[in-house]
Amino acid sequence: MANKVDVRIVKSKDSLMTALVNLLLQKNLEDLTISEICQEADVNRNTFYSHYTSVRELFEEMKGKYMESLLASSKVFDEPNDSISKSLINILDKMKEESNMTKVILSQTNTTKFLNMLLHFALPQIYTMKSKSELLSSGESQAFVLGGVVNLIHHWVETDFQESPKNLGKRISSFIDEFFSI
């Protein structure tokens, strides 16, 4: 018999994560208490402790679920030959759709490390591309391009997602195409 998911556990965890996001829009992770999160989530401390040992543990699980949702969205595309552009657009769509979560995760983590890891798993083909530049090695070219992509995405989030995900994704994809021999 397959394990059934306890709906109460899912609801409790979702409530705690929603409360954490709401509070992190106002405060730093280190400044939050379990009591504040429980009050915001309308659950008692025993419920919190039945799932987590600390605020950090709750945050790390939330961050992992967010990363999984971004990676899952990157794998959905219609045309395999357009996978970089479409994957990137799907990721950006998901980031904008979950804008509060995106802002919270990026404000509470090492943004560069988080986005680099995301791109590493979501767009692995970038790591095999050959640069047109004779000035940079293949690894240096990849680092250069990914650094630029990471900073563009970070700037996009900081400017409150003003550009559409589709436009930004296409512009980034065009930049990657121009830089690498495709």
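Predicted, not measured: the structure shown is a model, and the values here were computed from it.
- No side-chain donor from either of Ser174 and Asp177 sits under 3.5 Å from a side-chain acceptor of the other.
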Worked verdict on Met117 versus Met67 for side-chain contact (heavy atoms from CB on, under 4.5 Å): CA-CA 9 Å; Met117 185 170 56; Met67 175 69 85; 3.5 Å; yes
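- Under the 4.5 Å side-chain heavy-atom criterion for Ile, Leu, Val, Met, Phe, Trp and Tyr, Val43 and Ile9 are members of distinct hydrophobic clusters.
- For Val55 against Leu32, the heavy-atom pair with the smallest separation is CG2-O, 4.1 Å.
- For NE2 of His155, the number of neighbouring non-hydrogen atoms (other residues, nucleotides, ligands) closer than 6.0 Å is 12 at most.
- Here CG of Leu25 is found 4.5 Å from CG of Asn100. Values are rounded to the nearest 0.5 Å.
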Worked check of side-chain contact (heavy atoms from CB on, under 4.5 Å) between Leu20 and Leu29: CA-CA 9 Å; Leu20 183 61; Leu29 184 65; 4.3 Å; yes
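- In this structure, Leu123 is not a member of the same hydrophobic cluster as Ile89, with clusters built from ILVMFWY side-chain heavy atoms closer than 4.5 Å.
- Heavy atoms from other residues, nucleotides or ligands lying under 6.0 Å from CZ of Phe161 number more than 12.
- Side-chain contact check for Phe175 versus Leu152: every heavy-atom pair is 4.5 Å or farther apart.
- Residues Ala19 and Glu40 approach most closely at CB-CG, 3.4 Å, considering heavy atoms.
- Remark: side-chain polar atoms of Ser12 are paired, donor with acceptor, to backbone N or O of Arg8 under 3.5 angstrom.
- Going from atom OG of Ser74 over to atom CG of Leu118 covers 7.0 Å, rounded to the nearest 0.5 Å.
- By the criterion of side-chain heavy atoms lying less than 4.5 angstrom apart, applied directly or through intervening Ile, Leu, Val, Met, Phe, Trp or Tyr residues, Leu106 is grouped together with Leu119 in one hydrophobic cluster.
- A heavy-atom distance below 4.5 Å is found between the side chains of Met95 and Leu115.
- Under the 3.5 Å distance criterion, the side-chain polar atoms of Asp31 are left unmatched by any main-chain donor or acceptor of Lys27.
- Judged by distance alone, with hydrogens and angles left aside, the side-chain atoms of Ser173 form no donor-acceptor pair with the main-chain N or O of Gly169 at under 3.5 Å.
- Without hydrogens or angle criteria, Asn44 side chain to Asn46 main chain gives a donor-acceptor distance under 3.5 Å.
- Distance check: Asp42 CG to Thr18 OG1 gives 12.5 Å after rounding to the nearest 0.5 Å.
- Counting heavy atoms of neighbouring residues, nucleotides and ligands inside a 6.0 Å radius, atom CD of Gln39 does not exceed 12 of them.
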Tyr66/Leu70 under side-chain contact (heavy atoms from CB on, under 4.5 Å): CA gap, chis, key distance, verdict: CA-CA 6 Å; Tyr66 176 71; Leu70 292 177; 3.4 Å; yes
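- Salt bridge status for Arg56 with Glu30: present, with a side-chain N to carboxylate O gap under 4.0 Å.
- Annotation for Asn28: atom CG counts as buried by contact number, over 12 foreign heavy atoms lying within 6.0 Å.
- In this structure, Phe48 and Ser54 approach most closely via the heavy-atom pair CZ-O, 3.5 Å.
- Between Ile105 and Lys63 the shortest heavy-atom distance is CD1-CA, 3.7 Å.
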Derivation of the side-chain hydrogen bond (donor to acceptor under 3.5 Å, both in side chains) call for Ser87 and Asn90: CA-CA 5 Å; Ser87 291; Asn90 288 347; 5.8 Å; no
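- Here the straight-line distance linking atom NE2 of His154 with atom CZ of Phe114 works out to 11.5 Å at 0.5 Å rounding.
- In terms of modelled atom types and a separation under 3.5 Å, the side chain of Asn167 and the main chain of Glu163 share no donor-acceptor contact.
- Distance check: Asn151 CG to Leu146 CG gives 11.0 Å after rounding to the nearest 0.5 Å.
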CA sep, side-chain torsions, deciding dist, call: Ile153, Ile172, side-chain contact (heavy atoms from CB on, under 4.5 Å): CA-CA 9 Å; Ile153 293 171; Ile172 291 172; 4.3 Å; yes
Stepwise side-chain hydrogen bond (donor to acceptor under 3.5 Å, both in side chains) check, Thr102 with Glu98: CA-CA 6 Å; Thr102 300; Glu98 297 185 26; over 6 Å; no
Check against salt bridge (charged side-chain N to carboxylate O under 4.0 Å, His left out), Asp160 and Lys103: CA-CA 9 Å; Asp160 210 22; Lys103 289 174 185 177; 2.5 Å; yes
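- For Glu68 and Lys65, the salt-bridge test fails: no basic side-chain N is under 4.0 Å from an acidic carboxylate O.
- Side-chain atoms of Trp156 do not come within 3.5 Å of backbone N or O of Leu168 as any donor-acceptor pair.
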Verdict with reasoning, Glu61 to Tyr52, per side-chain hydrogen bond (donor to acceptor under 3.5 Å, both in side chains): CA-CA 9 Å; Glu61 183 176 312; Tyr52 307 102; 3.1 Å; yes
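- A side-chain donor-acceptor contact under 3.5 Å links Ser137 to the backbone of Glu140.
- Within 6.0 Å of CZ on Phe121 lie no more than 12 heavy atoms contributed by other residues, nucleotides or ligands.
- For the atom pair CE (Met62) and CE (Met101), the distance works out to 5.0 Å, reported to the nearest 0.5 Å.
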Worked verdict on Thr33 versus Glu36 for side-chain hydrogen bond (donor to acceptor under 3.5 Å, both in side chains): CA-CA 5 Å; Thr33 66; Glu36 288 174 302; 3.3 Å; yes
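- Paired with Lys170 under the rule side chain to side chain contact (heavy atoms under 4.5 Å, CB included), one option of Ser85, Ser164, Pro165 passes, and it is Ser85.
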